[in-house]
Amino acid sequence: MRMNLGSSITSAFATSINTQPNAPLPDKVDYLVVGAGATGLAFADTLLHHTAPSTSVLMIDKNSSPGGQWVDSYDFVRLHQPSDMYGVETMKLEPSGEDSCASNNMDEAHRATREEILRYYDRVTKMLEEKYDFHFVGDTAFEMSQLDDEDILQVVEDGSRSDQHQHHCYRLSGGRSIMAKKVVDARYLQPDLPINVPPKFKYDPNVVNVVPVNTLSVTADNQQAQTKHYVIIGAGKTGMDAIVYLIQHENVNPDIILWIVPNEAWITARENIGSFAEFLHECTELQKRNDLANNERGNIESEDFFQRGFLEWEKKGKIYRFDKDILPTKFKDATLSKAELALIKNVKRVVRNGRVESIDDKGTIHFVGGTTLSLPWSSSSAADTTFVHCSAGAFNYSKQTKKPPPIFSPHRISLQDVYGTPGFCFVGSIIGKLESLGTKLFTDAEKNAMCAAPTPNPSSSPLGPSGGDIGVITLSHGYVQRLRNLNKWLQVAEIRNWLVGHRLFNLRNYSAVEIDTLVDETWDVLEGYGIVGRREGI
């Protein structure tokens with residue numbers, strides 16, 4: 001069975017959840033949220049929770065049901081992190097109480113499956129519809145270029161927008177339209193998935209069997225019958241998941257798996273997940289100790305600054321790597337347990353020749369840079385080998401090729417990476433919280449000053465260091481941007497109190513004073529090296 005990436009197989013993964021894509025639209029709403037994924041639903045939940053009953057929201061999505069990337073993800077995917085860190089502010093994803101199985105640590109140990117997450121988001125949308133002036137309509141598209149209309153975006157002399165509280169008419173697919181005050185682009189952080197993003201390497205689909213990871217479970221019986229060998233292309237979490245699935249669930253012998261690893265990455269230890277703030281604090285403390293030992297100030301703007309932190313966290317069991325002799329150059333927050341790490345290490349045929357450029361009709365793999373690799377099994381050929389595409393790069397965000405608009409503007413909110421992984425759920429929630437404060441406390445410009453985010457770079461990973469490159473520490477590094485944002489949020493009493501204990505916040509188990517200490521100590525070191533200026537006010 002030949003299956004290429006051009007075939008439409010998304011429908012095979014469609015959720016059984018019932019929606020009403022042709023439901024009548026409200027006459028007008030305050031917010032039109034485009035995208036019903038993790039970020040958009042977290043935004044809507046927090047916004048409505050803190051502004052109802054005065055706020056109305058229409059959420060639309062190209063899919064018939066909510067869930068965003070989870071609708072298109074492979075069947076056997078599940079959360080990297082515990083369920084109690086994922087979802088929306090006001091509804092738990094993790095089982096608890098009567099839903100809990102047995103142990104007291106069930107909430108912390110539970111990692112939701114794709115099906116559980118899709119059903120959770122169905123419950124979330126139903127809850128929002130029952131409690132608030134909220135409507136979800138699926139199978140509906142929206143063209144963002146409408147927001148470039150000069151009549152809508154006209155700026156008056158003082159920099160404000162004279163019509164920011166007015167409703168504007170926006171076109172939806174199917175000849176429909178809606179009156180809304182603001183459009184929320186919740187698609188900006190949409191990840192690249194193999195099912196939607198074809199591989200960059202060349203091959204003849206009539207000869208070479210290249211499939212997205214999704215097909216491993218859907219076509220397992222047919223595939224197993226004719227596949228003697230597997231080549232997993234990609235070393236991110238998708239590639240790791242593919243290997244674990246094949247060995248653990250399909251009983252595939254690790255000896256018939258070849259793993260192409262373009263770049264080596266640090267892996268987050270699921271048993272001991274840390275946060276960016278704790279990691280950055282660790283790096284600054286190590287820098288201070290290094291300076292003291294050498295009796296001079298070292299160079300903080302080198303990769304050693306972050307690598308020392310990774311090596312220290314490796315000692316503490318917070319991160320892993322596959323090969324102790326290779327220093328990873330990437331970190332994408334992919335998460336594994338010790339058991340999964342050990343399982344993947346059973347694959348001994350691991351090739352680190354860089355990125356794949358093409359696969360020829362004999363199955364020979366050609367790498368960028370000129371090296372080649374024949375299939376390593378004596379009886380193998382392209383005809384009996386399945387090449388599994390896991391190389392889309394979730395954090396490449398290939399659809400984002402332009403400079404993003406401000407996060408907050410009078411008629412648009414663009415949900416961007418103001419706090420990073422895991423999950424981006426908290427990103428939606430914090431932006432929803434800031435929006436809930438309205439214009440009485442902060443102008444759009446002041447809210448934007450609290451929301452630094454990486455700028456896309458189409459020539460590389462669009463989110464730069466936030467997209468996986470470890471890089472060197474600068475003011476624009478994703479970790480520093482998050483630190484600056486957190487510093488400003490802590491200065492607003494209403495946000496400060498809201499952060500502590502927030503189920504999606506990765507420092508939720510810290511008191512406000514402890515978070516202050518973490519930020520203060522990190523900031524002092526970075527300020528001493530000129531990376532950041534004096535503590536920023538709002």
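These values consider heavy atoms only, across backbone and side chains, with no hydrogens, waters or symmetry-generated copies.
Counting only N and O atoms by type, the side chains of Asn485 and Gln481 include no donor and acceptor under 3.5 Å apart. Side chain to side chain, Ser414 and Asp185 fail the donor-acceptor criterion of an N or O pair below 3.5 Å. Using a 3.5 Å distance cut-off with no hydrogens or angles, the side chains of Trp70 and Glu116 do not pair a donor with an acceptor. Residues His281 and Glu521 bring a donor and an acceptor atom of their side chains to less than 3.5 Å of each other.
Aromatic pair Tyr419/Phe424: centroids not less than 6.0 angstrom apart. Note: Phe310 and Trp266 meet the aromatic proximity criterion, with ring centroids under 6.0 Å apart. A centroid separation of less than 6.0 Å is found between the aromatic rings of Phe306 and His477. Ring centroid separation for the pair Trp313 and Phe279 comes in under the 6.0 Å cut-off.
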Practice task
List the steps and the verdict of side-chain hydrogen bond (donor to acceptor under 3.5 Å, both in side chains) for Glu250 and Tyr245.
Solution key: CA-CA 7 Å; Glu250 297 298 333; Tyr245 176 80; 2.6 Å; yes
Exercise for the section: Would you please test Arg482 and Leu280 for side-chain contact (heavy atoms from CB on, under 4.5 Å) and show each step? Expected result: CA-CA 10 Å; Arg482 296 171 201 174; Leu280 196 53; over 6 Å; no
Exercise for the section: Show the numbers, then the answer: is there a side-chain contact (heavy atoms from CB on, under 4.5 Å) between Tyr510 and Leu507? Expected result: CA-CA 6 Å; Tyr510 282 65; Leu507 295 175; 3.9 Å; yes
Practice task
Apply side-chain contact (heavy atoms from CB on, under 4.5 Å) to Trp489 and Arg496, showing your working.
Solution key: CA-CA 6 Å; Trp489 300 338; Arg496 178 187 179 89; over 6 Å; no
Practice task
With side-chain contact (heavy atoms from CB on, under 4.5 Å) as the test, would you mind laying out the steps for Gln248 and Glu340 before giving the verdict?
Solution key: CA-CA 10 Å; Gln248 195 169 65; Glu340 289 169 327; over 6 Å; no
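The pair Glu285-Lys288 meets the salt-bridge criterion, since a charged nitrogen lies less than 4.0 angstrom from a carboxylate oxygen. Electrostatic pairing of Arg321 and Glu264 does not count as a salt bridge here, judged by no charged N lying under 4.0 Å from a carboxylate O. Comment: Arg119 engages Glu115 in a salt bridge, judged by a side-chain N to carboxylate O separation of less than 4.0 angstrom. Checked for salt-bridge contact, Glu282 and Arg308 miss the test: no charged N lies under 4.0 Å from a carboxylate O. The pair Glu357-Lys200 does not count as a salt bridge, with every side-chain nitrogen at least 4.0 angstrom from each carboxylate oxygen. Remark: Glu278 does not engage Lys318 in a salt bridge, criterion side-chain N to carboxylate O under 4.0 Å. Taking the charged nitrogens against the carboxylate oxygens, Arg111 and Glu94 have no contact shorter than 4.0 Å, which rules out a salt bridge. Salt-bridge annotation for Lys345 and Asp323: absent, with no side-chain N of the basic residue lying under 4.0 Å from a carboxylate O of the acidic one.
Checked by atom type and distance alone, the side chain of Ser83 pairs as donor or acceptor with a backbone atom of His110 at under 3.5 Å. Under a 3.5 Å cut-off, the side chain of Ser429 and the backbone N or O of Cys425 do not form any donor-acceptor pair. Without hydrogens or angle criteria, Asn294 side chain to Asn290 main chain gives a donor-acceptor distance under 3.5 Å. Formation of a donor-acceptor pair under 3.5 Å by the Thr215 side chain with backbone atoms of Val211 is not found in this model. Side-chain atoms of Trp259 come within 3.5 Å of backbone atoms of Gly234 as a donor-acceptor pair (strictly under, hydrogens ignored). Side-chain atoms of His502 never come within 3.5 Å of backbone atoms of Asn497 as a donor-acceptor pair (strictly under, hydrogens ignored). A donor-acceptor pair under 3.5 Å links the side-chain atoms of Tyr120 to the main chain of Met91, judged by distance alone. No side-chain donor-acceptor contact under 3.5 Å links Asp61 to the backbone of Pro66. With hydrogens and angles ignored, the 3.5 Å screen pairs a side-chain donor or acceptor of Gln307 with a backbone N or O of Pro328. Using a distance-only test at 3.5 Å, with no hydrogens or angles considered, no donor-acceptor pair links the side chain of Glu435 to the main chain of Ile430.
Atom-to-atom distance recorded for Met127:CE and Leu48:CG is 9.0 Å, nearest 0.5 angstrom. With rounding to the nearest 0.5 Å, the separation of CZ in Arg297 from CG in Asn299 is 11.5 Å. With values rounded to the nearest 0.5 angstrom, Arg503 atom CZ is found 8.0 Å from Lys92 atom NZ. Within the model, atoms CD1 of Ile273 and CD1 of Ile319 stand 13.0 Å from one another, a figure rounded to the nearest 0.5 Å. To the nearest 0.5 angstrom, Ile407 atom CD1 is 4.5 Å from Gln416 atom CD. A distance of 6.5 Å separates CG of Leu128 from OG1 of Thr90, quoted to the nearest 0.5 Å.
Nearest approach of Asn506 to Phe276, heavy atoms of both residues: ND2-N, 4.5 Å. The heavy-atom pair separating Gly67 from Leu118 by the smallest distance is CA-CD2, 4.1 Å. Considering every non-hydrogen atom in both Gly87 and Leu504, the closest pair reads O-CD1, 3.5 Å. Contact detail for Tyr188 and Leu415: the closest heavy-atom pair is CB-O, 3.3 Å. The shortest heavy-atom contact between Lys488 and Ala449 is NZ-O, 2.8 Å. A pairwise comparison of heavy atoms in Phe408 and Cys451 identifies CE1-SG, 4.0 Å as the closest pair.
Two residues are said to be in side-chain contact when any heavy atoms from C-beta on lie closer than 4.5 Å; Leu311 and Leu327 meet this criterion. In this structure, Asn214 and Leu216 have side chains that are not in contact, with every pair of non-hydrogen atoms separated by 4.5 Å or more. Ile359 has its side chain within reach of Val356: a pair of non-hydrogen atoms, C-beta onward, lies under 4.5 Å apart. The shortest distance between side-chain heavy atoms of Val261 and Val351 does not fall below 4.5 Å. In this structure, Leu499 and Ile495 have side chains that are in contact, with non-hydrogen atoms separated by less than 4.5 Å. By the 4.5 Å heavy-atom criterion applied to side chains, His389 and Val213 are not counted as neighbours. Between Asp255 and Arg349, some side-chain heavy-atom pair lies under the 4.5 Å cut-off. In this structure, the side chains of Thr284 and Phe305 come closer than 4.5 Å at one or more pairs of heavy atoms.
Geometrically, Arg114 does not engage Phe76 in a cation-pi contact, judged by NZ or CZ lying under 6.0 Å from the ring centre and within 45° of the ring axis.
Around CZ of Arg355, the count of heavy atoms belonging to other residues, nucleotides or ligands within 6.0 Å does not exceed 12.
Scanning for side chain to side chain contact (heavy atoms under 4.5 Å, CB included) contacts around Glu271 gives Ala269, Tyr320, Ser337, Lys338, with sequence neighbours left out.
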